[in-house]
Amino acid sequence: MNTDSVLYEGKAKQLFPTDDPQVLRVVYKDSATAFNGEKKAELGGKGTLNNQISKLFFQLLTEHGVEHHFIKTISDYEQLVKKVSIIPLEVVVRNIAAGSLVKRVGLPEGTQLSHPVVEFYYKNDDLGDPLMNHDHIAMLELATPDQVGHMRQISLQVNDILQLYLEQKGLMLVDFKLEFGVDLSGRLLLADEISPDTCRFWDNTTGKKLDKDRFRQDLGNVLEAYQEIYQRLGGASHA
Ligand code: TMP
Ligand code: ASP
């Protein structure tokens with residue numbers, strides 16, 4: 001097995017095989033993209049921060065019994081994960097109106113939602129990751145109704161866990177995106193990453209955006225925001 005040949009390359013990560021067929025090595029890249037790759041930049045240090053932040057979130061979820069693919073970090077920018085077959089859906093949970101919800105339904109940014117809103121998007125760059133309803137998912141056989149139900153349930157559980165934890169760190173969890181996969185024994189596992197690339201975090205008092213919206217909206221100090229998140233989660237301070 002050539003463990004140096006990339007199995008899959010996404011916008012922010014690369015996946016490599018390891019000598020264990022059930023385990024993959026993830027390399028977090030410094031590349032930042034937005035708007036389906038139209039906007040691009042290299043942000044030195046982003047990969048390391050997301051690797052460490054994801055690890056902290058996955059460890060928190062372990063404490064709460066949520067099953068996921070993360071095994072351990074093996075360097076500043078690499079981690080080992082269980083091999084899963086990714087379900088081609090992005091599950092978004094929203095607590096406060098922002099981003100595409102504002103554009104779709106016209107609520108002002110910052111509106112508190114009375115209940116968390118769960119959405120499914122088809123992971124398909126050519127189509128621009130369209131919003132899917134349950135019938136679309138069944139029509140395209142992207143996941144079984146049972147899997148869709150479990151993904152919704154786990155995503156809401158993750159929302160409760162993260163929201164409570166982040167509240168204690170002075171952060172609002174505005175929304176976030178999860179991905180799921182099925183392991184070799186058919187178990188549904190939370191996969192991918194949980195980081196400022198895939199979540200919106202706002203400071204509780206100032207409302208300051210501390211996530212990838214700083215890049216998407218050209219707000220500046222992107223890395224400083226990621227560093228701030230890492231430190232608030234208890235990570236070590238480094239440049
Ligand atoms: P949206 O408001 O642009 O739909 O994004 C909702 C959440 O999902 C937000 O926290 C950012 C995250 N997200 C991703 O992780 N990847 C993506 O490709 C998109 C569009 C959003
Ligand atoms: N990750 C997506 C992209 O590059 C979109 C985003 O996060 O806004 O294009």
Side-chain angles (χ1 to χ4, degrees), residues 8-15 26 28-43 46-47 49-51 53-54 57-58 68-69 86-113 116-133 136 142 151-152 154-156 158-159 161-163 165-166 171-181 190-203 207-219 222-223 225-226 229 233:
Y8 173 80
E9 175 140 17
K11 297 190 191 84
K13 297 186 291 296
Q14 293 172 312
L15 291 181
V26 183
Y28 278 70
K29 302 195 287 185
D30 286 338
S31 319
T33 70
F35 314 118
N36 204 9
E38 270 173 47
K39 182 178 165 111
K40 287 190 196 128
E42 285 301 302
L43 299 174
K46 179 178 84 85
L49 283 163
N50 279 354
N51 183 35
I53 293 168
S54 256
F57 281 129
F58 280 125
H68 54 71
H69 75 154
I86 291 283
I87 294 177
L89 288 170
E90 299 194 340
V91 187
V92 168
V93 182
R94 303 180 186 272
N95 299 303
I96 297 172
S100 68
L101 185 72
V102 168
K103 295 204 185 100
R104 182 169 298 109
V105 306
L107 285 174
E109 184 182 68
T111 309
Q112 180 70 49
L113 309 177
V117 170
V118 180
E119 299 171 334
F120 294 87
Y121 292 87
Y122 183 17
K123 266 171 74 72
N124 184 316
D125 283 344
D126 292 341
L127 298 175
D129 295 350
L131 182 67
M132 307 292 278
N133 70 23
H136 295 136
L142 302 177
M151 286 191 280
R152 177 184 165 86
I154 298 167
S155 299
L156 287 170
V158 170
N159 186 45
I161 297 165
L162 297 190
Q163 234 186 345
Y165 180 76
L166 290 164
L171 293 165
M172 281 182 260
L173 179 61
V174 175
D175 56 33
F176 59 96
K177 183 265 301 182
L178 299 177
E179 294 187 28
F180 292 83
L190 181 60
D192 197 53
E193 68 180 280
I194 306 174
S195 75
D197 269 12
T198 61
C199 305
R200 287 194 172 96
F201 305 118
W202 293 355
D203 181 89
K208 186 177 175 189
K209 295 178 178 175
L210 294 167
D211 55 62
K212 200 164 107 177
D213 270 351
R214 300 205 71 81
F215 172 70
R216 295 189 189 97
Q217 300 173 2
D218 293 318
L219 300 175
V222 184
L223 275 181
Y226 284 46
I229 294 293
L233 300 184

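Whatever order the structure lists ligands and atoms in, that order sets their numbers, starting from 1.
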Quick one: look up the protein heavy atom nearest [atom] and list residue, atom name and how far away it is.
atom: atom 8 (O) of ligand 1; result: K177 CB, 3.4 Å
atom: atom 10 (O) of ligand 1; result: D175 OD1, 2.6 Å
atom: atom 8 (O) of ligand 2; result: R216 NE, 2.7 Å
atom: atom 5 (C) of ligand 2; result: F35 N, 3.9 Å
atom: atom 1 (P) of ligand 1; result: S100 OG, 3.4 Å
atom: atom 3 (C) of ligand 2; result: T33 OG1, 3.2 Å
atom: atom 3 (O) of ligand 1; result: R200 NH2, 3.7 Å
atom: atom 19 (C) of ligand 1; result: E90 OE1, 4.4 Å

Under 3.5 Å side-chain donor-acceptor pair for N159 and N95:
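A donor-acceptor contact under 3.5 Å links the two side chains.
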S54 and Y28: side chain donor to acceptor below 3.5 Å
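Yes, Y28 and S54 have a side-chain donor paired with an acceptor closer than 3.5 Å.
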Ligand-side contact atoms (ligand 1) for residue partner [X], heavy atom cut-off under 4.0 Å:
X: G99; value: 2 (O)
X: D197; value: 15 (O)
X: F176; value: 10 (O)
X: R94; value: 1 (P), 2 (O), 4 (O), 6 (C)
X: C199; value: 10 (O)

In terms of the angle between their ring planes, are H68 and F58 parallel, tilted or perpendicular, with boundaries placed at 30° and 60°?
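Rings of H68 and F58: tilted, as their planes differ by 30° to 60°.
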So for D211, does at least one of its heavy atoms come nearer than 4.0 angstrom to any atom of ligand 1?
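Under 4.0 Å: no for D211.
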If you measure from each heavy atom of R216 to ligand 1, is any distance below 4.0 Å?
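Judged by the 4.0 Å heavy-atom criterion, R216 does count as contacting ligand 1.
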So, does N133 use its side chain to make a donor-acceptor pair with the main chain of H136 at under 3.5 Å?
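It does hold such a pair.
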Would you confirm whether any non-hydrogen atom of the protein falls under 4.0 Å from atom 12 (C) of ligand 1?
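So atom 12 (C) of ligand 1 has protein heavy-atom neighbours under 4.0 Å.
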Of the backbone atoms (N, CA, C, O) and the side-chain heavy atoms from C-beta on, which set of K212 has a member under 4.0 Å from an atom of ligand 2: side chain, backbone, both, or neither?
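Just the side chain.
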Chi angles and distances behind the side-chain contact (heavy atoms from CB on, under 4.5 Å) call for T198, N50
CA-CA 10 Å; T198 61; N50 279 354; over 6 Å; no
With heavy atoms of K11 as the reference, note each atom of ligand 2 found under 4.0 Å away.
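Those of ligand 2 that fall under 4.0 Å from K11 are 3 (C), 4 (O), 9 (O).
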Would you mind listing which atoms of ligand 2 come within a distance below 4.0 Å of any non-hydrogen atom of G37?
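Counting from 1, the qualifying ligand atoms are 3 (C), 4 (O), 9 (O).
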Could [X] and [Y] be called an ion pair, given the rule that one side-chain N must be under 4.0 Å from one carboxylate O?
X: D125; Y: K11; answer: yes
X: K209; Y: E109; answer: yes
X: D218; Y: K39; answer: yes

Taking distance alone, no hydrogens or angles, what donor-acceptor pairs closer than 3.5 Å link side-chain atoms of residues 96-106 to residues at least two apart or in another chain?
residue: S100; atom: OG; partner: R94; partner atom: NH2; Å: 2.9
residue: S100; atom: OG; partner: Y121; partner atom: OH; Å: 3.4
residue: R104; atom: NH1; partner: Y121; partner atom: OH; Å: 3.1

Sequence neighbours excluded, which residues qualify as salt bridge (Lys or Arg N to Asp or Glu O under 4.0 Å) partners of E90?
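Partners of E90 by the salt bridge (Lys or Arg N to Asp or Glu O under 4.0 Å) criterion come out as none, since no residue qualifies.
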Got a second to check how far E42's CD is from D30's CG, nearest 0.5 Å?
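If we round to the nearest 0.5 Å, E42:CD and D30:CG are 6.0 Å apart.
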Do the numbers put K46 on top of the ring of Y226, so that NZ or CZ is under 6.0 Å from the six-membered ring centre and no more than 45° off the axis?
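No cation-pi geometry.
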